[in-house]
Engineer: 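Pasting a structure below so you can have a look.
Here, residue 1 is the first one in the sequence, and each next residue gets the next number.
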Amino acid sequence: MKLKKRMAVLLAGVMLLTMLGACGKKDSETVTIGYIGDLSGPDAYVGVPPQLMLEDYIAQLNANGGLLGKQVKLVAYDMAADNATESVNITNRMINEDHVIAIIGPSSSSAGMAMAPLCDAAKVPFIATSATNEKVTVGEDGNLHPYAFRVCFIDPYQGKAAADYAFTQMGITSVGMVEELGSTYSQNICDYFQNEFESLGGTVVSRIGVQHDDVEFRAQLTAMGNSGVQAIFAPFGTYRIPSYLANQANDLGLEFQFIFSDSVYDDTLLEVAGANLEGAVLTNGIYADNPVYDEYKAEFTSKHSEWEANMYVFYAYDAIELLKWAVEDANSLNPEDIQASLCTATDLKLYTDEHFTVDPVTHNPLNKMVAIIGINDSKFHLVDSFYPDAD
């Protein structure tokens with residue numbers, strides 16, 4: 001009886017080892033990539049379309065053999081509740097439980113700054129899509145975060161370009177500024193815009209702060225109207241507050257030249273305030289309405305009719321192509337090898353960038369194009385494009 005029990009235990013152990021071996025073999029055939037974004041709430045248009053694009057891209061990649069012969073799995077997590085806090089929880093989960101080789105995202109600078117030290121410690125790279133604060137890749141102490149990368153330009157680059165264009169090309173000499181309190185993105189771009197604008201000889205007449213959930217701005221707009229400012233510079237993380245500003249200014253009979261930043265570039269802005277934004281301009285690193293993207297946008301919409309292929313889709317497209325290149329260049333799925341290749345990316349052709357190059361000192365793209373996008377007849381159109389570093 002004891003012998004039979006021992007044999008049963010032994011057989012059970014062999015079966016367990018066989019099952020574990022089979023699971024290990026199955027796992028070894030799969031590689032995991034993480035994605036973090038706003039997947040719910042009013043800002044879901046920032047995070048959901050890129051997730052859908054990545055799922056489509058990876059399905060096609062797997063159909064063609066995957067990465068280095070491994071099938072690819074995407075794990076996506078929602079940081080909408082609180083970008084900074086949730087990004088820490090999500091990053092730890094992706095690293096320690098999902099064992100990702102790299103992370104695509106975030107779009108938020110506050111999330112990127114929170115993620116950077118975690119990814120450095122774990123030696124897992126992430127590629128931010130539209131997180132523009134310079135401290136995402138270079139910390140407060142001036143030291144590089146070695147595992148943080150991005151495909152977008154940075155706030156100083158954008159703020160300076162907007163100020164230069166407003167003063168030298170639009171002839172604007174006085175502005176009022178509206179910033180979101182507590183948003184490093186909004187406040188930093190205002191800082192860079194103001195420094196450059198005043199150095200050129202312009203005047204910032206007023207600078208007011210509002211809260212993320214505010215919906216009423218008539219008092220502030222009236223004060224700006226009385227001050228005689230020519231333009232309002234309002235860099236926000238989504239289209240919501242800029243649309244309120246435009247609609248409420250119209251209600252008051254006030255006419256301002258509005259100047260926005262990249263994150264308001266979405267068709268929903270036109271749907272809710274386009275008629276009141278005639279002549280407005282914004283800066284961006286991608287002109288998503290470029291006809292060369294029409295075929296892909298139509299294909300995307302045919303699969304995902306409730307969403308559009310917006311600029312966040314194209315940033316994520318660049319990020320996944322950059323990651324794919326790094327894996328193939330390293331000929332490795334080891335995160336440290338992938339990071340080493342990302343550092344050397346030079347003159348790459350990505351979906352929206354013909355000559356993508358990583359600055360090894362900052363991990364920012366070198367000389368990223370700035371598109372000046374205008375609004376006329378409730379439609380976006382390309383006004384100008386230039387490379388600030390070429391000046």
Side-chain angles (χ1 to χ4, degrees), residues 20-37 50-51 54-55 57-77 87-106 111-112 114-129 131 136-139 143-151 316-350 356-365:
L20 289 173
C23 289
K25 183 177 181 181
K26 181 179 179 181
D27 288 344
S28 71
E29 298 304 315
T30 303
V31 62
T32 304
I33 294 171
Y35 171 67
I36 178 170
Q51 178 190 359
L54 290 169
E55 290 171 351
Y57 187 98
I58 288 172
Q60 185 63 42
L61 187 66
N62 285 336
N64 292 322
L67 280 176
L68 303 185
K70 308 289 186 183
Q71 291 291 285
V72 181
K73 174 185 175 183
L74 182 73
V75 292
Y77 294 101
S87 65
V88 170
N89 299 330
I90 291 167
T91 301
N92 281 324
R93 180 172 179 178
M94 287 193 287
I95 290 170
N96 298 317
E97 298 180 26
D98 298 314
H99 305 294
V100 299
I101 61 166
I103 299 168
I104 300 297
M115 290 170 60
L118 301 176
C119 288
D120 289 345
K123 297 184 177 180
V124 173
F126 73 91
I127 304 174
T129 51
V136 170
T137 60
V138 178
N143 291 324
L144 176 70
H145 286 296
Y147 283 80
F149 298 84
R150 73 177 108 217
V151 292
Y317 207 136
D318 283 349
I320 190 66
E321 290 210 318
L322 176 60
L323 176 58
K324 178 176 179 290
W325 172 86
V327 168
E328 293 173 344
D329 179 71
N331 194 32
S332 171
L333 294 168
N334 182 291
E336 293 182 61
D337 296 334
I338 295 169
Q339 184 269 355
S341 281
L342 287 171
C343 291
T344 68
T346 303
D347 205 31
L348 303 184
K349 186 181 186 308
L350 304 181
F356 184 87
T357 297
V358 170
D359 181 351
V361 176
T362 65
H363 287 184
N364 300 322

Engineer: Does any part of the side chain of Phe356, heavy atoms only, come nearer than 4.5 Å to the side chain of Leu322, both counted from C-beta?
Structural biologist: yes
Engineer: Gln71 side chain to Val31 main-chain N or O, any donor-acceptor pair under 3.5 Å?
Structural biologist: no
Engineer: Given ring-ring contact (aromatic ring centres under 6.0 Å, His included), test Phe126 with Tyr147 step by step and report yes or no.
Structural biologist: CA-CA 6 Å; Phe126 73 91; Tyr147 283 80; 9.6 Å; no
Engineer: Give a yes or no on whether the backbone of Val88 and the side-chain of Thr91 come within a donor-acceptor separation of less than 3.5 Å.
Structural biologist: no
Engineer: So with a 6.0 Å cut-off around NZ of Lys70, is the heavy-atom count from everything else above 12?
Structural biologist: yes
Engineer: Out of Ile104, Thr129, Val75, Ile90, which one pairs with Ile36 under the side-chain contact (heavy atoms from CB on, under 4.5 Å) rule?
Structural biologist: Ile90
Engineer: Pick one: which of Arg150, His145, Met115 meets side-chain contact (heavy atoms from CB on, under 4.5 Å) with Val136?
Structural biologist: Arg150
Engineer: Looking at every non-hydrogen atom in both residues, tell me the closest pair between Ala316 and Pro50 and how far apart they are.
Structural biologist: CB-CB, 3.7 Å
Engineer: Go through the steps for Thr30 and Val72 under the test side chain to side chain contact (heavy atoms under 4.5 Å, CB included), then give the verdict.
Structural biologist: CA-CA 6 Å; Thr30 303; Val72 181; over 6 Å; no
Engineer: Indicate whether the side chain of Tyr77 and that of Asp98 have a donor and an acceptor atom separated by less than 3.5 Å.
Structural biologist: yes
Engineer: Please check: side-chain N/O of Ser87 versus main-chain N/O of Ala114, any donor-acceptor pairing under 3.5 Å?
Structural biologist: no
Engineer: Do any N or O atoms from the side chain of His363 and from the backbone of Ala148 form a donor-acceptor pair under 3.5 angstrom?
Structural biologist: yes
Engineer: With a 4.5 Å cut-off on side-chain heavy atoms, are Leu67 and Ile33 touching?
Structural biologist: yes
